[in-house]
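A note on names: the letters A, B, ... follow the listed sequences, proteins ahead of strands, and every chain is numbered from 1.
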Number of protein chains: 2
Amino acid sequence: MEGLDRAALEQVSEYFKSLAEPTRLCLINALRDGEMSVSDLAEAVESTPANVSKHLSLLASTGFVERRTQGTSVLYRIADSDIYALCDLVCGHIAKRIAAKVMSRQ
Amino acid sequence: MEGLDRAALEQVSEYFKSLAEPTRLCLINALRDGEMSVSDLAEAVESTPANVSKHLSLLASTGFVERRTQGTSVLYRIADSDIYALCDLVCGHIAKRIAAKVMSRQ
DNA sequence: TGCTTATTTAACGAATTGGTTGTATAGTAG
DNA sequence: CTACTATACAACCAATTCGTTAAATAAGCA
């Protein structure tokens, strides 16, 4: 992303922003094992269908999830599994930080 | 990050949040070639020292950058180059999306 | 010591965002 | 058709955030 101009960086930040919310990360986690309906997801993340629907719309707008209608339900699924690589990188960074903190305390 | 509880996901989201801002991404880009002072960074990203200082503090709190004092200046540098892998993953995702959009239009 | 420069911090305002509530839409069953 | 269910959407509020401005802190130098 070296040569990106301001507008491009703004777009990149939009994508990070879509992952910068615990409820959305929780939804992404819940979708690990396959597609789920909005109401099931709402139960899984302990929130309301309206709220979950809004978060899923945002995740769909950045292309991390996709939707499919089945009867009166809407099933969401992960569209780009790179999303997990992203999360793992961040988790690794956090782990590194914790390890460094432990070392410095010795 | 599969088995993370709510508190852990909140922490993960904090890290994504620190990258979810165009000015901060711009600062990270500017630091590619080595450490820079706050005022030089402010000029590079076309902002004020006060604003840049605040952004750098946030990036330091998540451990993506580190600071070093030299005289009256403070030099910042990238502390974990995984940050670029993160950005590249997001950029790749965006590129994929654009490519898919182009394909679907043919 | 006092003066200058570099950085940080505090206080403020405008804008954005997560969650709720109520309503609208769409599909299914009777 | 009506009733019911699932989802989406709009309006609203509380809380957060980005940027600015002004004041505070710290280091170097006359």
Separation of [X] atom [atom1] from [N] atom [atom2], in whole Å?
X       : N      : atom1 : atom2 : value
B/Glu10 : C/dG19 : CD    : C1'   : 14 Å
B/Lys54 : D/dT25 : NZ    : P     : 18 Å
B/Leu75 : D/dA27 : CG    : P     : 14 Å
A/Arg6  : D/dC18 : CZ    : C1'   : 11 Å
B/Leu41 : C/dT7  : CG    : P     : 9 Å
A/Arg68 : D/dT7  : CZ    : C1'   : 15 Å
B/His55 : C/dT8  : NE2   : C1'   : 14 Å
A/Glu46 : C/dG19 : CD    : C1'   : 15 Å

Handout entry: Comparing A/Asn51 and B/Leu56 on DNA chain C - which has the more 5′ nearest nucleotide
Key =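 Upstream on the strand: B/Leu56.
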
Practice task
Using heavy atoms to find the nearest nucleotide of DNA chain C for A/Glu14 and A/Gln70 separately, return the residue whose nucleotide is more 5′.
Solution key: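 Its nearest nucleotide lies further toward 5', so the answer is A/Glu14.
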
Handout entry: More than 12 heavy atoms from other groups under 6.0 Å of CD on A/Glu43
Key =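 Result for CD/A/Glu43: open.
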
Handout entry: Residues within residues 15-26 of chain B bordering DNA chain C, heavy-atom distance below 4.0 Å
Key =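 Per residue number, the list is empty: none.
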
Handout entry: Donor-acceptor under 3.5 Å (B/Arg67 side chain, B/Val74 main chain)
Key =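 Pair absent, no side-chain N/O of B/Arg67 close to backbone of B/Val74.
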
Practice task
Compare side-chain N and O positions of A/Arg67 against OP1 and OP2 of D/dT7 and report whether any pair is under 4.0 Å apart.
Solution key: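 No, A/Arg67 has no side-chain N/O under 4.0 Å of OP1/OP2 on D/dT7.
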
Practice task
Taking only the side-chain nitrogens and oxygens of B/Tyr76, find out if one of them lies under 4.0 Å from OP1 or OP2 of C/dT8.
Solution key: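 So the side chain of B/Tyr76 is within the cut-off, an N or O lying under 4.0 Å from OP1 or OP2 of C/dT8.
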
What does the list of N/O pairs under 3.5 Å between the protein and nucleotides 1-6 of chain C look like, with a distance for each?
unit_1	atom_1	unit_2	atom_2	d
C/dA6	O4'	B/Thr72	O	3.4
C/dA6	O4'	B/Thr72	OG1	3.3
C/dA6	O3'	B/Ser73	OG	3.4

Practice task
Choose from D/dC9, D/dT20, C/dT9 the nucleotide whose nearest atom is closest to any side-chain atom of B/Ser57.
Solution key: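 Shortest atom-to-atom distance from the side chain points to C/dT9.
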
Exercise for the section: Report whether B/Met36 and B/Tyr84 are members of the same hydrophobic cluster (ILVMFWY, side-chain heavy atoms less than 4.5 Å apart, transitive linking). Expected result: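 In one cluster: yes.
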
Exercise for the section: Indicate, with yes or no, if B/Met1 and A/Leu27 share a hydrophobic cluster defined by side-chain heavy-atom contacts under 4.5 Å among Ile, Leu, Val, Met, Phe, Trp and Tyr. Expected result: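 Yes, A/Leu27 and B/Met1 fall within the same hydrophobic cluster.
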
Exercise for the section: Measure up the B/Phe64 and B/Tyr15 rings against each other and bin them: parallel (under 30°), tilted (30 to 60°), perpendicular (over 60°). Expected result: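 If you compare the ring of B/Phe64 with that of B/Tyr15, the planes turn out perpendicular.
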
Problem - Donor on one side chain, acceptor on other, B/Arg6 and A/Thr23, under 3.5 Å - result: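 Yes, because at least one side-chain N or O of B/Arg6 sits under 3.5 Å from a partner of the opposite role on A/Thr23.
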
Problem - Pair B/His93-A/Asp80, side-chain donor/acceptor within less than 3.5 Å - result: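 A donor-acceptor contact under 3.5 Å links the two side chains.
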
Handout entry: Minimum-distance pair of heavy atoms, taken over all atoms of A/Val52 and A/Ala42
Key =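 That would be CG2-CA, 3.6 Å.
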
Exercise for the section: Measure across A/Tyr76 and A/Leu41 and return the closest heavy-atom pair with its distance rounded to 0.1 Å. Expected result: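 Scanning both residues, the minimum pair turns out to be CB-CD1, 4.4 Å.
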
